[in-house]
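Just so it is clear: chains get the letters A, B, ... in the order the sequence lines come, proteins before strands, and each one is counted from 1. Quick caveat, the model's predicted, so the values are computed rather than measured. All values below were derived from every heavy atom in this structure, side-chain atoms included, with hydrogens, water molecules and symmetry-related copies excluded.
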There are 2 protein chains.
Amino acid sequence: MQTIGQAIRQLYPISDRSFEQLTSLMQRQELPKGHILFREGQVSHKVFFIERGIARAFCYRNDQEVTFWFGVESDLVFSYYSYVANKPGYETVELLENSVVQAMDLAQLQELYLTNIELANWGRKLAEYELIKTEERFMVFQFQSATERYKALLQQNPALIQRVPLNQIASYLGVTQVTLSRIRAEVR
Amino acid sequence: MQTIGQAIRQLYPISDRSFEQLTSLMQRQELPKGHILFREGQVSHKVFFIERGIARAFCYRNDQEVTFWFGVESDLVFSYYSYVANKPGYETVELLENSVVQAMDLAQLQELYLTNIELANWGRKLAEYELIKTEERFMVFQFQSATERYKALLQQNPALIQRVPLNQIASYLGVTQVTLSRIRAEVR
DNA sequence: GAAGAAATTTAACAAATGTTAAAAAATCAC
DNA sequence: GTGATTTTTTAACATTTGTTAAATTTCTTC
């Protein structure tokens, strides 16, 4: 498993001093399963680095929860729309296991961006990588069938299917749970 | 219509000096309909600002072109994956009309990012806004039906449907052209 | 403006996915 | 371990979307 230091510096190499500045903003928190990191309709002021545990983001659609993102160890958790547009976010993010996270205040982070060019470029790289991750996820939806999406998930992240209930996996893949069961019956 | 200057400064306010530095990298080009801005399988070294015209990005899937993005006046055209990961891009971007673009060299842009903190933060904001745009497009796919997607497009960008052949609109919406025709027959 | 080409719609049928409800399996609490 | 609860699978049928091909409309070119 990657440490937070490795994750930060792998994104974009920064000096020890910048690293200190960045990590000094972080607060280690142990949070229980079910804890809500972001709540739909609220403006977010925090970003979280997942040290241990798993999180999911979901929205409501026709009174049903639709899961569209999972975060695992060494992932960052943003309510990106809320952060960028400075408006209420549309998603709720909850922890699916007892977890350890490093929490950072977004206002303090943005302060750093304005005064430290190394960190400004680190923040740029962060957004750029999040962008291509989101783009890839989008492409998967537009270019692959539900069965292909499931197989890809099975290959790339088999642990996720063990750790998360299948109704959440189903909505993550964009199908109903019944369809996912059918797919699993085929693949088996 | 927005000028390029307005588009740049709306994203993130920058000083006149930074603005000069940025725009000095730009080269105005008049390019014909059908011109390829990025070609699949190649690493991109440029970014384009569309002053006049329209562009589309597509990939091949089972020997068929699948259009997944349109760019119009005052949009920026990146081959983002290629730029961020510095690997061959998976998409081809072509101009659908005779167009005027401002072309910028990515290496020179990145030079500026490393020396000018204002521009580094501008570049960060650019990536952040592209991120939430991509995220929104993804959410539309996971949360809305094809009919809803068509209606939304009709409302938000009616001109696009006039300017672009329907088979491209169909694949942009993630359905076949036959299905799009059916949707249009219903909506009418 | 007429002939040909391209784009769009319609039709008929096949395949995939959704919906509802019930059955089966797995998990939890005691 | 046993009963209750939750999760997952299966079944039956409805709806949506895809596929192929033909018909129609629109656009080009001369």
*Return no unless some side-chain N or O of B:Thr179 is found under 4.0 Å from OP1 or OP2 of D:dG18.*
yes
*Under 4.0 Å between a side-chain N or O of B:Ser181 and OP1 or OP2 of C:dT10?*
no
*asked:* Whole angstroms only, please: what is the CD1-P distance between B:Ile169 and C:dT9?
replied: 12 Å
*Between B:Tyr172 and B:Arg137, is there a cation-pi geometry (under 6.0 Å to ring centre, at most 45° from the normal)?*
yes
*Hey, are B:Gln10 and B:Tyr129 close enough side-chain-wise for a donor-acceptor pair under 3.5 Å?*
no
*Would you mind classifying the nucleic acid contact of A:Val175 as base, sugar-phosphate or nothing, using non-hydrogen atoms under 4.0 angstrom?*
sugar-phosphate
*Does any donor atom in the side chain of A:Tyr81 or B:Glu136 lie under 3.5 Å from an acceptor atom in the other side chain?*
no
*Does the separation of the ring centres of A:Tyr60 and A:Phe58 fall below 6.0 angstrom?*
yes
*Rounded interatomic separation in angstrom, taking CG from B:Leu173 and P from D:dG18*: 11 Å
*Whole angstrom is fine here: how far is it from CZ in B:Arg184 over to C1' in D:dT26?*
12 Å
_Among C:dT10, D:dT8, C:dA21, the one nearest B:Ala185 by side-chain distance_ = C:dT10
_Any residue in residues 160-168 of chain A with a heavy atom nearer than 4.0 angstrom to DNA chain D? Just list them by number, or reply none._
A:Pro165, A:Leu166, A:Asn167
*Give the rounded distance in Å between these two atoms: CD of A:Gln142 and C1' of D:dG18.*
16 Å
*Can you check the A:Gln177 CD to C:dT19 C1' distance for me, whole Å?*
13 Å
*Looking only at side-chain atoms of B:Val178, point me to the closest of D:dT17, C:dA11, C:dA21.*
C:dA11
*Atom pair OG (B:Ser82) and CD (B:Glu40), whose distance is rounded to the nearest 0.5 Å*: 12.0 Å
_N-O pairing of B:Lys133 and B:Glu130 below 4.0 Å_ = yes
_Nearest whole Å is fine: how far is C:dA7 P from B:Leu180 CG?_
15 Å
*Are B:Phe78 and B:Tyr83 an aromatic pair by the rule of ring centers under 6.0 Å?*
yes
*Just call it for A:Arg182: base, sugar-phosphate, or nothing, with non-hydrogen atoms closer than 4.0 Å on any strand.*
base
*asked:* Expressed as a whole number of angstroms, how long is the span from B:Tyr150:OH to C:dT8:P?
replied: 11 Å
*Rounded to the nearest Å, what distance is computed from the NZ atom of residue A:Lys33 to the P atom of nucleotide C:dT27?*
12 Å
